[in-house]
Structures are given as structure tokens and as C-alpha cells.
Amino acid sequence: MAKSENQKVKTLFVAKYFLENSDENHPVTAGDIVDYLKEECGIDAERRAIYRDIAALRDVYGMEIEGGQGGKYRLISRQFEFDDLRLLAECVHAAKFISASKAKSLVKTIGEFCSIYQAEDLQREVFLCDRVKTTRNNVLLTVGIINAAMAKKQYGKPHTPQKITFKYLKNVFQNGGVKQVARHGGAIYKVSPYQLLINDGNYYLLAFDDKSQEIRTYRIDRMDKVEAVNEPRDGAETFKDIDMETYTRRVFSMFDGVQRRVSIRFTSDKLDSVVERFGTNDDIFYMPEGEHHFVVSADVEISDQFYSWVCGFRKSAVILNPPDVVEGMEKFLKDIASCYKVAKT
């Protein structure tokens with residue numbers, strides 16, 4: 001842009017300087033702005049012109065610029081408060097489905113909404129956390145393809161939701177390390193996508209599987225070579241019967257199993273942990289049992305993951321009903337114990 005053209009939008013450059021260089025803890029002066037305009041933008045300006053620009057930014061654009069006395073100005077508020085941006089950055093970092101390199105890039109983008117000083121704090125605070133994250137960088141691209149396939153409108157025009165195809169990956173030992181390879185010899189999965197879910201920091205797709213004719217869940221970061229197919233979705237009636245809140249609550253860690261109504265007795269000190277897992281909806285029943293115990297009845301997916309969750313409470317949890325689930329727990333514990341008996345011999 002030529003200097004003469006820059007001169008016409010001088011006030012916008014002043015606004016840009018405030019957004020990048022000032023916050024409640026970092027004041028700037030008219031002299032700072034004059035130097036910036038000359039060195040960075042090729043604009044010659046007097047201090048009196050800067051005062052007029054600041055007044056215009058306050059009165060016309062609504063920028064909350066505080067000060068003037070002593071020649072120092074601070075940008076007090078902006079579109080996003082710093083605490084809001086920090087929360088967004090922490091959420092990005094906590095998401096396991098976002099790779100470390102992508103998280104760093106996203107946090108840098110979030111930092112563009114605050115001053116350069118706050119952006120530095122944002123990066124430092126984010127790196128204080130340590131989470132196991134995916135090594136795949138295409139997760140958000142995959143999510144975009146899935147959302148486009150599910151969309152009922154594209155580019156403002158009606159769109160029929162489509163099926164997608166992909167290869168599903170698993171971890172194996174290979175060449176002295178752990179590698180991801182396609183399941184079933186690279187078989188192509190074809191599904192009708194219906195809902196994206198986030199659970200424990202991981203992204204999942206809830207979809208109607210062409211082969212099994214069932215609703216199934218898939219880890220997004222394990223889906224590879226995802227493509228939309230020019231075929232309308234199937235399974236609408238099956239998906240319609242699913243109550244999402246109930247479904248996500250009863251599926252432990254997204255592992256499939258047979259749904260059963262179970263009753264479990266816990267010691268009273270575990271109530272917070274149990275409520276956190278099951279919630280307090282009308283279909284969840286809690287009943288005190290004596291002074292030191294309570295019983296919860298809920299629908300769960302019976303699987304090894306469910307039994308493992310109960311084991312985590314040690315003697316503080318006992319499955320009471322139904323009898324076959326109690327027997328399943330006994331077998332689960334015996335199978336584990338047998339491994340250690342073999343190890344001793």
C-alpha cells in the first residue's frame with residue numbers, strides 16, 4: 001500500500017497499535033504511536049492528530065481507551081476478555097484430539113485477539129499443562145469433512161446429508177516401535193454420520209454402519225482418508241430413537257456392550273464420584289442404605305471397561321443386581337487373579 005493510501009486510514013493503524021500493544025497493564029503514549037506510524041506504516045503524524053484519532057476511536061468506534069493525563073493511554077477492554085481467551089486456550093490444549101503442533105498454532109491465533117504481552121502469558125500458561133495428545137495433524141480437517149457431509153445446507157443451498165468412507169486405524173508394534181495401521185487389512189468403512197461427540201478430551205463420531213446396520217462410535221483421530229460419498233444417509237429411524245444424553249452417560253469411555261439395568265452399592269463417601277458418572281436424571285435412582293452406604297440403579301453398557309470402573313472403587317463398591325452381571329464381575333476378577341497366579345509359578 002502506498003504511503004498516501006496509508007495516510008487515509010491512519011486512524012485504523014492507531015486502533016491496530018492499541019489492540020496489539022496495549023492492555024490494562026501496558027500503557028502507550030502518543031509518542032509511541034507517532035514512532036510506530038512512521039517506522040512501520042510510512043505515515044508522518046503529529047501528536048495533535050493522534051489525540052484526534054484516539055477521540056474518534058473512543059466516540060465513534062466505542063473502543064474503551066482510558067487515560068490522557070500524563071500522556072499515557074490504556075486499552076481497557078476488547079471483543080474478548082483475557083480470561084475468556086485463556087479459557088479457550090486451555091480447552092485447546094486439553095483436547096487430546098488436537099495435536100501438540102496444531103494446539104500451538106491455534107493458541108497463537110487466539111493470541112491475536114489480545115495484546116502481545118497477554119499473548120506471551122497465554123503461551124506460557126498453556127505449556128504448564130501436560131496432556132497425552134494425538135500425533136495426527138488432520139483431525140480438524142476430518143471434522144470439517146464430516147460436518148460438510150452431515151450438513152443440510154451448503155453454500156446457502158439445500159444439501160442431502162451424505163455417507164462417508166474411511167479406513168480405521170489401530171496401534172501395532174512394528175519395526176521396534178508403535179505404529180498405526182489400518183484395521184482389517186485396510187478395509188474401507190462406509191457409514192452414515194449423525195453426531196460428533198467429545199468425551200474425556202477425545203472426539204468421536206456417532207454413525208450408522210452400513211455393514212452391521214447398527215449405530216456405532218468411532219474415534220476421529222483413528223479415522224484415515226475420510227471422504228464424502230455421493231449416497232444419502234441411512235439409519236435415520238435408528239438414530240431418531242437414541243436419547244443423546246442417556247446414550248453418552250451410559251456408554252463408558254465409548255466402549256460398546258449390552259445395555260443392562262444394574263444396582264451397585266457404594267460407601268457414602270463415594271457419592272460425589274458416582275453422581276459425576278451417572279448424573280441425577282429421572283431414570284437414575286439413589287437410595288441410602290444404612291448410615292454408611294447407598295445404592296444406585298442405572299442403565300449401563302456391560303463390558304470389561306464397566307467392570308474395571310467398578311474395580312477402581314475396591315471394597316467401596318459392590319454390584320448387587322442383576323445376577324448375571326454379578327457373575328460377570330466374579331469371572332472378570334478371577335481372570336485377572338489367574339494372570340498373577342501364573343506369574344508366581
Side-chain angles (χ1 to χ4, degrees), residues 96-97 130-132 134 168-173 178 180-181 183-184 197-204 206 209 212 214-219 221-222 242-345:
K96 297 177 184 177
F97 59 85
D130 184 24
R131 293 293 303 272
V132 176
T134 182
Y168 204 46
L169 306 179
K170 65 178 180 179
N171 292 305
V172 299
F173 286 106
V178 177
Q180 282 193 321
V181 301
R183 291 175 180 265
H184 306 302
L197 309 170
I198 296 179
N199 181 72
D200 192 28
N202 290 314
Y203 231 138
Y204 294 86
L206 184 64
D209 181 66
S212 67
E214 295 176 348
I215 294 289
R216 294 191 172 179
T217 52
Y218 303 91
R219 275 271 296 266
D221 60 339
R222 294 178 185 171
I242 293 178
D243 177 74
M244 290 304 302
E245 185 175 349
T246 302
Y247 179 88
T248 54
R249 187 176 64 245
R250 66 179 171 79
V251 177
F252 287 84
S253 301
M254 296 296 175
F255 287 95
D256 292 331
V258 178
Q259 183 183 353
R260 299 296 303 279
R261 187 76 173 177
V262 300
S263 295
I264 312 172
R265 181 171 60 223
F266 293 90
T267 54
S268 298
D269 60 312
K270 305 302 180 186
L271 182 59
D272 286 341
S273 297
V274 177
V275 170
E276 182 178 338
R277 170 59 69 180
F278 291 112
T280 56
N281 282 21
D282 293 340
D283 59 339
I284 308 297
F285 296 98
Y286 295 89
M287 183 174 64
E289 186 176 273
E291 295 183 5
H292 306 294
H293 296 83
F294 68 93
V295 175
V296 60
S297 295
D299 294 328
V300 301
E301 300 273 341
I302 305 303
S303 63
D304 285 351
Q305 286 68 35
F306 164 67
Y307 291 135
S308 297
W309 180 76
V310 176
C311 281
F313 291 96
R314 298 175 67 87
K315 293 183 178 181
S316 295
V318 178
I319 300 174
L320 303 178
N321 277 299
D324 61 309
V325 176
V326 175
E327 291 176 5
M329 185 66 175
E330 291 176 344
K331 183 178 184 303
F332 179 79
L333 295 172
K334 287 179 180 178
D335 288 344
I336 294 175
S338 67
C339 294
Y340 292 93
K341 287 179 181 179
V342 171
K344 290 181 180 179
T345 60

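For reference, positions follow the sequence shown, starting with 1.
The ring-ring contact (aromatic ring centres under 6.0 Å, His included) search around Tyr168 returns Tyr189, Tyr218, not counting sequence neighbours. Every residue two or more places apart in sequence or in another chain was checked for a salt bridge (Lys or Arg N to Asp or Glu O under 4.0 Å) with Arg183, and none qualifies. Taking the side-chain contact (heavy atoms from CB on, under 4.5 Å) definition, one finds that Asn171 meets it with Val178, Gln180, sequence neighbours left out. With sequence neighbours excluded, no residue forms a side-chain hydrogen bond (donor to acceptor under 3.5 Å, both in side chains) with Tyr307. The side-chain contact (heavy atoms from CB on, under 4.5 Å) search around Ala298 returns Phe278, Ile284, not counting sequence neighbours. For Ser297, the side-chain contact (heavy atoms from CB on, under 4.5 Å) partners two or more places apart in sequence, or in a different chain, are Arg261, Ser263, Phe285. Scored by the side-chain contact (heavy atoms from CB on, under 4.5 Å) test, Thr267 finds Asp269, Lys270, His293, Ser316 as partners (sequence neighbours excluded). Shown here are the salt bridge (Lys or Arg N to Asp or Glu O under 4.0 Å) partners of Asp324, two or more places apart in sequence or in another chain: Arg260.
Listed by first and then second residue, the salt bridge (Lys or Arg N to Asp or Glu O under 4.0 Å) pairs that reach into residues 285-298 are Arg265-Glu289, sequence neighbours excluded. Applying the salt bridge (Lys or Arg N to Asp or Glu O under 4.0 Å) test to residues at least two apart or on different chains, the pairs with a partner in residues 325-339 are Lys331-Asp335.
Inter-residue side-chain proximity for Val300 and Trp309 is flagged as unmet; no heavy-atom pair is nearer than 4.5 Å. Side-chain contact between Phe332 and Cys311: present, with at least one pair of heavy atoms (C-beta onward) separated by less than 4.5 Å.
For the atom pair CD1 (Ile215) and CD1 (Ile242), the distance works out to 4.5 Å, reported to the nearest 0.5 Å. Taking CD1 from Ile264 and CZ from Phe313, the interatomic distance works out to 8.5 Å, rounded to the nearest 0.5 Å. One distance of note links CG of Asp209 with CZ of Arg216; it measures 5.0 Å at 0.5 Å rounding.
The shortest heavy-atom contact between Val262 and Phe306 is CG2-CZ, 4.3 Å. When all heavy atoms of Phe266 and Val296 are compared, the pair lying nearest together is CE1-CG1, 3.5 Å.
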